[in-house]
Amino acid sequence: MTVLKTSLRNFFAHKGRMALSAVAVLLSVAFVSGTLVFTDTMNTTFDKLFASTASDVTVSPKAAAADDEIPQNGRPESLPASLVEQARKVEGVKDAQGSVASTSVTVVDAKNKNVGPTGGAPTIAVNWTPNELRSVEIASGHEPRGPTEVVVDGATAEKHGLKLGDELRTIAVTGDFTAKIVGTVEFKVTNPGATVVYFDTATAQRELLGKTGLFTQVSVDAKPGVSDDALKADLAAALGGGYKLQTAAEVADAGRESMAGFLDVMKYAMLGFAGIAFLVGIFLIVNTFSMLVAQRTREIGLMRAIGSSRKQVNRSVLVEALLLGLVGSVAGVAAGVGLAVGLMKLMSSMGMELSTRDLTVAWTTPAVGLALGIVVTVLAAYIPARRAGKVSPMAALRDAGTPADGRAGRVRGVLGLVLTGAGAAALVAAARAAEAGPGSLWLGLGVVLTLLGFVVVGPLLAGGVVRALGVVVLRIFGPVGRMAERNALRNPRRTGATAAALMIGLALVAGLSVVGSSMVASATEELDRSVGADYIVRSATGQPIVPQAQAALDKAPGLDHVTEYKWVDAKVTDPRGKVSTADLAATDPTYVKDLRRETTAGTLTDAYGENAMSVGSDYATEHGVKVGDVLTVAFKGGDTAKLKVAAITADVGQVDKGAMYTSVATVARHLPAERVPHSLLILASAKDGQETQAYQALKDALAPYPQYKVSNQADYKEELQDQVGQLLNIVYGLLALAIIVAVLGVVNTLALSVVERTREIGLMRAIGLSRRQLRRMIRLESVVIALFGALLGLGLGMGWGTAAQKLLALEGLGVLEIPWPTIVTVFIGSAFVGLFAALVPAFRAGRMNVLNAIASE
């Protein structure tokens, strides 16, 4: 009980000094808790949506694509309408309804503006049935009653200013058709951002599937007392084995599984950044308790002199850490809920609607947040606590203060050098790896070891690096600069720990910048080397190019040729009888001009002959295939063909790596016309001297189809750079949390060092140091610590990035590019970070009363 009382008294006596450490714990716990609440809320949203839309048993075609896949021919797989009546006659069936749904549509308003999402959630066109009232209710107007009427969801109507009577044009593979809005609906559960339009059944069948008498699925409801599993078994017996039957639970599980990949990537990525913030926070907490213990040396010595044991002193410091972790974690869990709400608002602005009505805070979230925050804080305080327990009673007779630590221990130095050397060797092994799998393991090991090595050896480096920075940055400020340098060198261990916190965040920034810049440079070089087409036409959402848009492109003036590029589902059997799924691309013969592919055997133009194809070099090596061999190709939904291998393409670079090529004519011979895939993209080249006119002609031809974009090579490179830049900006935003915690560490270190040097500051003021000079000294000390951390971090990060790029070169990204403008900007920005971190400590130091400072113990 005495230990607890002492700990409580010390904790509240130094609460101001611990505030920034508590904020670091709060931020780290908030990120973890916010991530868990956010992903749990997304799971709840989709679970409710799946539960509200699924019937007791759903019957769909066996070959139906997954919910998140767009059919290659733009038409979903269908069922005969007669199946509805068959299902209704099955014992235990209460009702059965046929449904038509397609995501291969684009809906535009009267201004030709796409009213659907351009990324993430889809645009869904469905037929109106009584089943829809499970998930939506009519908010205005009425349901669609004829071919010229459409109902739209209320969120889309509000977002795009749509009202009753407005006309919408729906672009489908069967053609364009228009309808007037006669009603809007509101979802009873959260709609995660999809645009949904409803037509009457006959219109949906005719315009989305090409003819009436077809449905994409049949929704069957059971009579009271009949279980879903029993109904499924009865339906399977009555309908035969040609269909896919799923209970409501199975539909929900399938939907959940389709979202699992996206949610898991988001969840674990954000938790990874939270872990980085925790790691940075550890340095802050270690520094805080180390300095508090050092400042209380005399107090601890007196406690030992009057009978306190080492264990009691040790326990007292750990109890203070426990209190700090508890306070920070409780606040962090609460802040995490707020962070989750903020993330939901951010996702809503990006097109994925999430409602706070579904906010889900599971009991595991506060449990994990509290456990992490408390455990990390106590572990971080363990070493300072042990140090406190070693204070002898004789320390009470000496002046309080931090003991000199001019040199880092030899053991620490040797350990740091060994770790750094081993990490560097691992990075070299990663850079020289012949395969990506083992190389990735070496890279991960190298990153961890070099990071640990730099953290351990940091105090050893502090002396030389800070002196060098002092010559460049501090000496111009005269005596004040020299005092700032000596202050930074006074305790290398503390300077190293403070700089290490900043080093971690900046190392990741530098490493990712090198990888991002190298990816863009590599892709740009490959485009210049291999792409011969002048223009690329494609959809941002992966929708196939509808026939009417294709026809408009073919008529555009000024073009030398237009090349279709289709992706075909097929299974290939090699001469040994081994079956594998093919990456089979069907293109026009002009594709050899649009994409310059190297061949290791044969001629690629021959692959476009009758019943001919090419394979990639990796496939040829693995399957023992050579030019002249005949492969058996089973086209999904069509015939099985014997195709002769006419060429083997070199699997280098990223564009079409591993692809097998055949002609569009060959595919058309072996697939029914309605199953021939539409082009995923179109490549085109202009006639000599007509590049500008052809570019504009293509844009004009596609003006009625806003879902497609025309890009020349310059546009494409810019889009690629923007995509990588946006991804890096998201990562930098997440890393900002770690950098904020690191800045708090600098602030805390300076604030505590000001308290530690109160008497010294008073004496300097007494012999003539002005307030302005004192503040400048503290600011310069902060700047040199920040630059020290930045120098280590940026150097380490460039090493990581270089090794990662060498590994990516195995996948075709062979250009290493160091983004020097970013590196220099970050380094200079670190000086401003140091200035900012010193504002409050310098201000407080300048306000000290000189006499009181001199008289302090």
Side-chain angles (χ1 to χ4, degrees), residues 283 287-288 290-295 297 398-409 412-413 457-503 745-792 830-831 833-846 848 850 853-854 856:
F283 291 99
N287 257 5
T288 298
S290 295
M291 297 179 75
L292 287 175
V293 166
Q295 291 168 20
T297 301
R398 295 196 297 265
D399 286 339
T402 306
D405 188 13
R407 296 180 304 166
R412 181 189 182 105
V457 85
L460 193 65
L461 297 175
V465 176
V466 169
R467 284 189 178 90
L469 287 171
V471 171
V472 177
V473 178
L474 302 181
R475 296 296 172 84
I476 59 175
F477 293 96
V480 172
R482 286 194 293 273
M483 284 191 291
E485 178 185 331
R486 289 170 185 167
N487 285 334
L489 292 170
R490 176 180 297 185
N491 193 325
R493 181 178 295 175
R494 182 197 305 163
T495 298
T498 304
L502 191 60
M503 175 191 75
V746 178
V747 175
N748 212 29
T749 297
L750 291 173
L752 290 172
S753 69
V754 166
V755 175
E756 179 183 284
R757 298 182 341 233
T758 298
R759 191 178 209 179
E760 175 188 324
I761 289 171
L763 289 171
M764 286 192 296
R765 291 276 288 113
I767 60 175
L769 190 70
S770 68
R771 290 186 177 184
R772 177 179 294 180
Q773 288 174 316
L774 174 63
R775 290 170 182 158
R776 181 178 297 167
M777 179 188 74
I778 293 171
R779 288 196 296 267
L780 290 175
E781 179 184 351
S782 178
V783 167
V784 80
I785 290 174
L787 289 178
F788 172 50
L791 201 60
L792 295 186
S830 299
V833 166
L835 281 174
F836 173 78
L839 289 178
V840 174
F843 179 74
R844 291 185 64 185
M848 282 186 185
V850 176
I854 293 173
S856 69

Working to the nearest 0.5 angstrom, can you tell me the gap between Arg844 CZ and Leu839 CG? 14.0 Å

With no hydrogens and no angle check, is any side-chain donor or acceptor of Thr498 less than 3.5 Å from a backbone partner on Val746? no

If we only count heavy atoms from C-beta on, is the Leu461 to Leu792 side-chain gap below 4.5 Å? yes

With rounding to the nearest 0.5 Å, note down the distance linking CZ in Arg776 to OG in Ser770. 8.0 Å

For residues 778-791, dump all side-chain donor-acceptor pairs below 3.5 Å to protein atoms at least two apart in sequence or in another chain.
from	atom 1	to	atom 2	distance (Å)
Glu781	OE1	Arg757	NH2	3.3
Ser782	OG	Gly834	O	2.5

Under the rule for side-chain contact (heavy atoms from CB on, under 4.5 Å), what residues qualify as partners of Ala468, not counting sequence neighbours? none

Interatomic distance, Leu774 atom CG to Arg765 atom CZ [nearest 0.5 angstrom]: 7.0 Å

Can you see which heavy atom on Ile476 is nearest to which on Val473, and at what distance? CG1-O, 3.4 Å

With a 4.5 Å limit on heavy-atom distance, are the side chains of Met764 and Gln773 in contact? no

Using atom types as modelled, flag every donor-acceptor pair under 3.5 Å from a side chain in residues 477-487 to any protein atom, sequence neighbours excluded.
from	atom 1	to	atom 2	distance (Å)
Glu485	OE1	Arg475	NE	3.1
Glu485	OE1	Arg475	NH2	3.3
Glu485	OE2	Arg475	NH2	3.4
Asn487	OD1	Arg490	NH2	3.3
Asn487	ND2	Met483	O	3.3

